[in-house]
Amino acid sequence: MNLYLNETSPFSRVALITAVMSGNSDFQLVWVDPWSSPAELKQVNAFCMIPALELENGTNVVESFAICQFLVAKFKPKTIQLPQLENEVEASLMGLSKTLMEVGFKSVALGRFIEQPNELSSRAVQGLELALLKLNQQLDGQYRNLAMQPTLATLYLHCALDYIAFRHSAIFERCAQQPIKAFMHNSPFAKHLKKVSLDALATQPVFKDLLIKDSRLKIVD
């Protein structure tokens, strides 16, 4: 399987961590710059967006959540679970986590093409601030137990917060209080985010170098 990705995309990172946790070592990482519209990526995803997963039989899976759901459903790893979206609290957490990631990323991407500040970037900043301030309360309330469960919702939340801390550091420092910082330190995916760190991704590693030696992952060295 070929996983197309780049070094800083939070969507790439969440898909890569899910692949690492899947227990399957048959992944080849294809590092691309989607902004340059490489032909090889267009063959897999006509929208030239990452991540994109190319299977051995020629089937392509695009969009990070679809890729992550596919990998968890197919390989059934013990260390990460699909979100139970019939549960209203888990559906709420999944939606918030993915939206945090999307708004955090898109507000940065806008800066490549539109002079900032502008109305869209200002709305993004306001939304991120309000969402983080409310999340502090939710992590001490309705999300308290759920945030410690190893689900895709929790993985998206941790990757989204890590990205905001990286790209929107001023907002993070203003709005991320002790509950958010405690979650990031204690989350069930802290070990994996440390291994699949932004510094590690900057070197464009091969897949096997990111595997965590853990008998539960069924990885053979």
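Nothing here was measured: the structure is a model prediction, and the numbers come from that model. One is the number of the first residue; the rest follow in order along the sequence.
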Discussion item. Working note: L100 + L157, criterion side chain to side chain contact (heavy atoms under 4.5 Å, CB included); need CA distance, chi angles, decisive distance, verdict.
Written reply: CA-CA 8 Å; L100 275 173; L157 179 61; 4.0 Å; yes
I need the [X] [atom1] to [Y] [atom2] distance, nearest 0.5 Å.
| X | Y | atom1 | atom2 | value |
| --- | --- | --- | --- | --- |
| M184 | L161 | CE | CG | 5.5 Å |
| N45 | Y4 | CG | OH | 11.0 Å |
| D26 | K208 | CG | NZ | 14.5 Å |
| N2 | N60 | CG | CG | 9.5 Å |
| Q69 | E63 | CD | CD | 8.0 Å |
| M21 | L16 | CE | CG | 12.0 Å |

Could you check whether any side-chain heavy atom of [X] comes within less than 4.5 Å of a side-chain heavy atom of [Y], counting everything from C-beta outward?
| X | Y | result |
| --- | --- | --- |
| L41 | P34 | yes |
| I164 | L132 | yes |
| F11 | C68 | no |
| F65 | P83 | yes |
| T154 | F189 | yes |
| L3 | P51 | yes |
| S22 | K74 | no |
| L128 | F172 | no |

Quick check: are there more than 12 heavy atoms from other residues, nucleotides or ligands sitting under 6.0 Å from [atom1] of [X]?
| X | atom1 | answer |
| --- | --- | --- |
| E56 | CD | yes |
| E88 | CD | no |
| Q204 | CD | yes |
| Q43 | CD | no |
| M1 | CE | yes |

Distance-only, no hydrogens or angles: does the [X] side chain make a donor-acceptor pair with backbone N or O of [Y] under 3.5 Å?
| X | Y | answer |
| --- | --- | --- |
| K181 | Q178 | no |
| T18 | V14 | yes |
| T99 | G95 | yes |
| R13 | C159 | no |

Worksheet item: Which is it for L152 and Q81 under the side chain to side chain contact (heavy atoms under 4.5 Å, CB included) test, yes or no, and what are the steps along the way?
Response: CA-CA 6 Å; L152 280 179; Q81 304 160 9; over 6 Å; no
What are the two closest heavy atoms between [X] and [Y], and how far apart are they?
| X | Y | value |
| --- | --- | --- |
| P205 | A200 | CD-O, 3.2 Å |
| L133 | Q177 | CD2-NE2, 3.7 Å |
| T151 | I80 | C-CG1, 4.3 Å |
| A15 | L71 | O-CD1, 4.3 Å |
| C175 | N136 | O-ND2, 2.7 Å |

Worksheet item: Looking only at side chains, do Y163 and S9 share a donor and an acceptor under 3.5 Å apart?
Response: no
Practice prompt. Could you tell me whether the side chains of S97 and H158 share a donor-acceptor contact shorter than 3.5 Å?
Written response: no
Worksheet item: Do the rings of F207 and F27 sit parallel, tilted or perpendicular, given the 30° and 60° boundaries?
Response: tilted
Discussion item. L135 vs I180, test: side chain to side chain contact (heavy atoms under 4.5 Å, CB included). Steps then yes/no.
Written reply: CA-CA 7 Å; L135 180 60; I180 287 178; 4.0 Å; yes
Discussion item. Please say yes or no: joined through hydrophobic side-chain contacts below 4.5 Å, possibly via intermediate residues, are V125 and V108 part of one cluster?
Written reply: no
Item to complete: Kindly work out whether a path of hydrophobic side-chain contacts (I/L/V/M/F/W/Y, heavy atoms less than 4.5 Å apart) joins L5 to L193.
Response: yes
Item to complete: With side chain to side chain contact (heavy atoms under 4.5 Å, CB included) as the test, would you mind laying out the steps for Y156 and S64 before giving the verdict?
Response: CA-CA 10 Å; Y156 264 89; S64 66; 2.6 Å; yes
Item to complete: Take R123 and E129 through the test salt bridge (Lys or Arg N to Asp or Glu O under 4.0 Å) and record every step on the way to the result.
Response: CA-CA 10 Å; R123 287 174 63 87; E129 289 176 339; over 6 Å; no
